[in-house]
Amino acid sequence: MTYLPTPEQDELRAMVRELAQERIAPRAAAIDAAQEFPWDLKELLAQQDLLGICFEEQYGGTNLDGVSQAIVAEEIARADATTSLIPIVQKLGALPIMVAGSDEQKQRYFPRLASGEWLIAFALTEAAAGSDVASNRMRARRDGDDYILNGSKRFITHGSIANVLTAFALTDAEAGGRKGMSAFIVETDSPGFSAPRVEHKMGIRGSPTAELNFDDVRVPAANRLGEEGDGFKIAMATLDVSRLGVAAQAIGIAQGAIDAAVAYAAERRQFGQRVVDFEAIQFMLADMSSQTEAARQLVYAAAARVDAGVTDIPYWTSSAKLIAGDTAMRVTTDAVQVLGGYGYINEFPVERMMRDAKITQLYEGTQQIQRLVVARQLLARSGVPARG
Ligand code: COS
């Protein structure tokens, strides 16, 4: 067992850090202000082979290990959280296919996703079904060799720009969401599909979060993932792994805020000395840095366990997302404090980072859901029955 990064992981970090500093960080403020998806940076990441990191080589990917994938997300998020979502959501959307897809389905979609030619989104959440996934209402009715999808989805990251979705719908409404939901691959040029609305958000403002409508959308049965009724478990198995992407994003945002706070405190002078010379500020910076490091190490430990296929993956990935998200919120809030009034205005990046950090406590399961998952795993691990 080694706790040190490999030379390849160090090299990867240095490469992505340089790219992010030179090409992504200078764009971050404008992406946030314009609320526009950074197509230029999507192309840049595709050219650098950074959208194929989670795909196997046979599909044109680079198949990086989990720690390396976390490093990529982290280093991009350190410069810009919106842009870090491009590889993160490419994996999130593809995970249901990785979990339950056939070789033929993988062959059909993964090469275009790995190259970045196509974007994918994960369409699970509905207006009335957020944390409570099982209360989903969207329907899929079998019609010959097809299914016909009707309903709507909400809060779908990249939903309005994706070429393809992994979408969840009830094939057996009576059985309900836990047993009657199925997963489908849906191409967004299918007649009846639309993305009528994009949300105005507090943070990650360049990343379109869309409402999706399915009005008699015909999907070939060959695009169903797994068997009818497997949808809930496919969604859970996806989130079990994808939560690590958000955790890595969170530590990247936190690190970006620490870097900005240190740089500012080293320049700014008050009461005849540098702000960084005040012990009060040094202690804040020390807390910010040590907490971020602790979160980072937990993310890597969880990533290594996902790769190893341990049986308690949800314990590790939900713990990592919980700690990393809360750390990002605390650290970015403290970074604004270190900059004082300058932290509150958009001349400096920390106010954007604080707004961006908030979403990591909300999406891919709120922090309350992470605690619920961790507690259930803890009780199971301790041999305590789920119900008394
Ligand atoms: N992996 C595999 N199977 C799982 C699972 C997991 N992580 N979690 C639950 N299941 C299984 C259970 O074992 C159970 O199977 P059986 O019916 O065979 O016993 C079934 O799924 C139902 O599980 P449970 O009763 O625990 O479901 P709940 O409705 O209580 O939901 C939570 C569990 C709350 C964990 C789930 O709804 C959840 O993750 N919600 C958050 C959703 C989310 O992250 N949304 C964001 C979307 S992306 S932005």
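Just so you know, ligand 1 is whichever comes first in the structure, and atom 1 is the first atom listed for that ligand. What you see is a predicted model; the values in this text were computed from it and never measured. Scope of the values below: all heavy atoms of this structure, side chains included, with no hydrogens, waters or symmetry mates.
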### Query
Within 45 degrees of the axis of the six-membered ring of Y315 and under 6.0 Å from its centre: does R381 put its NZ or CZ there?
yes
### Query
Can a cation-pi geometry be assigned to R224 and F184, taking NZ or CZ under 6.0 Å from the six-membered ring centre and within 45° of the ring axis?
no
### Query
Looking only at heavy atoms, what is the nearest atom pair of V67 and Y300, with distance?
CG2-O, 3.6 Å
Protein non-hydrogen atom below 4.0 angstrom of [atom] present:
| atom | value |
| --- | --- |
| atom 19 (O) of ligand 1 | no |
| atom 13 (O) of ligand 1 | no |
| atom 47 (C) of ligand 1 | yes |

### Query
Can you list the atoms of ligand 1 that are under 4.0 Å from a heavy atom of T125?
47 (C)
### K179 neighbourhood, listing ligand 1 atoms whose heavy-atom distance to it stays under 4.0 Å
16 (P), 17 (O), 18 (O)
### Message
Does only the side chain of F232 get under 4.0 Å from ligand 1, or the backbone, or both, or neither? Count heavy atoms.
### Response
side chain
Identity and separation of the nearest protein heavy atom to [atom]:
| atom | answer |
| --- | --- |
| atom 34 (C) of ligand 1 | I369 CD1, 3.8 Å |
| atom 42 (C) of ligand 1 | V133 CG2, 3.4 Å |
| atom 35 (C) of ligand 1 | V373 CG2, 3.9 Å |
| atom 9 (C) of ligand 1 | M236 CG, 4.1 Å |
| atom 37 (O) of ligand 1 | S131 O, 3.3 Å |
| atom 49 (S) of ligand 1 | E364 N, 3.3 Å |

Tell me if the [atom1] atom of [X] is crowded by more than 12 foreign heavy atoms within 6.0 Å.
| X | atom1 | answer |
| --- | --- | --- |
| R355 | CZ | yes |
| E199 | CD | yes |
| D145 | CG | no |

### Task
Can you sort out the partners of D216 under side-chain contact (heavy atoms from CB on, under 4.5 Å), two or more places apart, ordered by chain and number?
I148, N150
### Query
By side-chain contact (heavy atoms from CB on, under 4.5 Å), which residues pair with P208, not counting sequence neighbours?
F37, H158, S160, I161, V198
Nearest heavy atom to [atom]: which of [options] does it belong to?
| atom | options | value |
| --- | --- | --- |
| atom 43 (C) of ligand 1 | A129, S318, G176, G365 | G365 |
| atom 15 (O) of ligand 1 | K233, Q377, R178 | K233 |
| atom 39 (O) of ligand 1 | R376, R243, K321 | R243 |

### For F168, the option from F122, F214, F232 that meets ring-ring contact (aromatic ring centres under 6.0 Å, His included)
F122
### Message
Under a plain distance cut-off of 3.5 Å, with no hydrogens placed, do Q105 and N223 share a side-chain donor-acceptor pair?
### Response
no
### ligand 1 to D240 polar contact by distance, N or O atoms, under 3.5 Å
yes
